[in-house]
Amino acid sequence: MKRAINYSPSRPSAILLALLPFGLCLVIYAIGSDIRLTENPQDKLMPSFGSFADAIHALAFTENRRTGEYVFWTDTLISLQRIFIGLSISAVIGLVIGIPVAFLPTFRALFGPFIAAFALIPPLAVLPILFIIFGLGETSKIVLIVFGIAPFLTRDIMLEVIAIPREQLIKAQTLGASTWQMIVHVVFPQVIPRLFDSLRLSLGATWLFLIAAEAIASEGGLGYRIFLVRRFLSMDVILPYVAWITLLAFLMDYAFSKAARTTSRWYYLDRAA
Amino acid sequence: MTEIAIEGLGKNYGDCVVLENVNATLPDHEFAVILGPSGAGKTTLLRLLLSQEIPTRGQILIDGVPIDPEPQPDRGVVFQRYSVFPHRTVLDNVMMGPQLAAAPFTGRLWGARRRALADKAKTLLAEVGLIDHVKKYPTQLSGGMQQRLAIAQALIMEPKVLLLDEPFGALDQSTKKAMHRLILDLWQRNEMPIVMVTHDIGEAFTLGTRILMVDKARRDPQAPQAYGSTITQDIRLDPSKKPQLRVVEEGEDEASTMQAIFNQYRERASDCLVDRASDKPEERASA
Ligand SMILES: Nc1ncnc2c1ncn2[C@@H]1O[C@H](COP(=O)(O)OP(=O)(O)OP(=O)(O)O)[C@@H](O)[C@H]1O
Ligand SMILES: [Mg+2]
């Protein structure tokens, strides 16, 4: 008998194995839903797959009579836009603050402890402050995402900058590099793959902050819709929305990993995953 | 002409005296090898030459002028590891220095000037035997190839002096031998002084025209950090009388492959050679 850690499944069986838990969940849900609905046809907790299809059809492929919008797609667009802007600003802040602060000893002495402390402020605790300062519009939602994500990205980039071997920086100086040139040609290209990695890792938190902000004050968005229909116990809307959000997050994760691979091919040459 | 003068040099890290009273004058075109036991302060001395560290006492002069307190292009360097940039291809690594000087903001040349620089870089890469690998990234190269790349990257800056910190320490013997030929060849052609740190005495005598031993002259068993290392041996070797220092000509058959070196050693060990182990596995197991 081989030891379990030395047994790796072949490619086709790996795909089958990967699909298995998903299929299992669907089957268990279908059975559970069926049992509950035979007991009580009015049951709202576990709607059948048919009701999901109806709900999605109504929201995604039927024009809203009042506004003339396709609610599902408008929600998706609004939420993605908030996430896109929030993450872009966070990434820029992470680079623009993280690189100089980690790289220049004076900046590190000046801002290092402040950033470490700032990153510990719980973003949700300051949400009311954001609403008071920025109002209930788009700004406060994007600021919440930035507030939650940018400090994490900044600190992660700082760690990566500090990890660059001292020899490389000495070598760069013997090639005549100025501080600016070292930032642009030595440090920046080497933190890019790490930036994408930490963006991937912060996707969960990003959605958390987005949905929290949308739940509290909003006129649209995926999180807003979920919390709106909660009042009517509309599981037939909530569950497909949750699945859709998960799928979107998964696709973004995939896109970031692809982007990292195309922009920093050198980084993945000696790495398996 | 480059003359390096080290005058009364000393370095402390806190209470720990690492180097004290180091004096040496390296004339032009010297191949100086710094030898010494581990922890003696060889790397520290090289870092002082590089301005990676600032001396506690004394000074270093190049052509009579104190060296700049920061690392500068007049002193090229190859470290044991991490000397090349992993995010740049072989060719881009070599082209980096001149581009930084020519384009302070973008660090990139275009058009005819770029092509001229690429040609110069390729000439150097051909000299160090990497011309077939210009498009690869450093992680795709072996250790010896990475060191050759680092040497080319340093040489394109035409430094006054080349500083090497155990550049071949991590290489196997045959690769090391090939690197010795390469560095001697480059040293003779480029007419610049080289300062190389090693703890391999054989390497020191093969390469050096000058051997400086860095070690503690005095010891206090009660306070080991109280005294630092200094130069305890300073010898000159005449390169014209050293057969090994000749640049090896094409086709010359010296033991240079791993196989050949292995055969030499096996020859020397012929007295204690046992029958081939694989012939009698049981005997080996019971022994
Ligand atoms: N940054 C530092 N801070 C404090 N002590 C240091 C520092 N760098 C080196 N030392 C000390 O200086 C001494 C000499 O170190 P150095 O690296 O120069 O030795 P070395 O001769 O190059 O040894 P090796 O052959 O192992 O590379 C050591 O005792 C080391 O502990
Ligand atoms: Mg050393």
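Every chain is numbered from 1 and lettered A, B, ... according to where its sequence line falls, protein lines coming before strand lines. Hydrogens, waters and symmetry mates are skipped; everything else that's a heavy atom, side chains included, is used.
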Can you establish whether the number of heavy atoms outside [X] located under 6.0 Å from its atom [atom1] is more than 12?
| X | atom1 | result |
| --- | --- | --- |
| R113(B) | CZ | no |
| R81(B) | CZ | no |
| F152(A) | CZ | yes |
| Y13(B) | OH | yes |

As an exercise: rank [options] by heavy-atom pairs under 4.5 Å with chain A and give me the winner.
| options | answer |
| --- | --- |
| S83(B), S51(B), P73(B) | P73(B) |
| P71(B), G97(B), A154(B) | P71(B) |
| P159(B), P104(B), A101(B) | P104(B) |
| R47(B), H87(B), Q72(B) | H87(B) |

Are [X] and [Y] side-chain neighbours, meaning at least one heavy-atom pair lies under 4.5 Å?
| X | Y | value |
| --- | --- | --- |
| Q168(A) | F85(B) | yes |
| I170(A) | F79(B) | yes |
| Q80(B) | E167(A) | no |

Using heavy-atom distances under 4.5 Å, tell me whether [X] contacts chain A through its side chain, its backbone, both, or neither.
| X | value |
| --- | --- |
| R88(B) | side chain |
| T89(B) | neither |
| L50(B) | side chain |

Closest non-hydrogen atom pair between V77(B) and K171(A), with its separation: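 For V77(B) versus K171(A), the nearest heavy atoms are O-NZ, 2.9 Å.
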What residues of residues 173-210 of chain A make heavy-atom contacts with chain B at a cutoff under 4.5 angstrom?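 Contacts with chain B: Q173(A), T174(A), L175(A), G176(A), A177(A), W180(A), Q181(A), H185(A), V186(A), P189(A), Q190(A).
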Mind running side chain to side chain contact (heavy atoms under 4.5 Å, CB included) on Y137(B) and R265(A) for me, showing each step along the way? CA-CA 9 Å; Y137(B) 286 96; R265(A) 203 171 66 82; 3.4 Å; yes
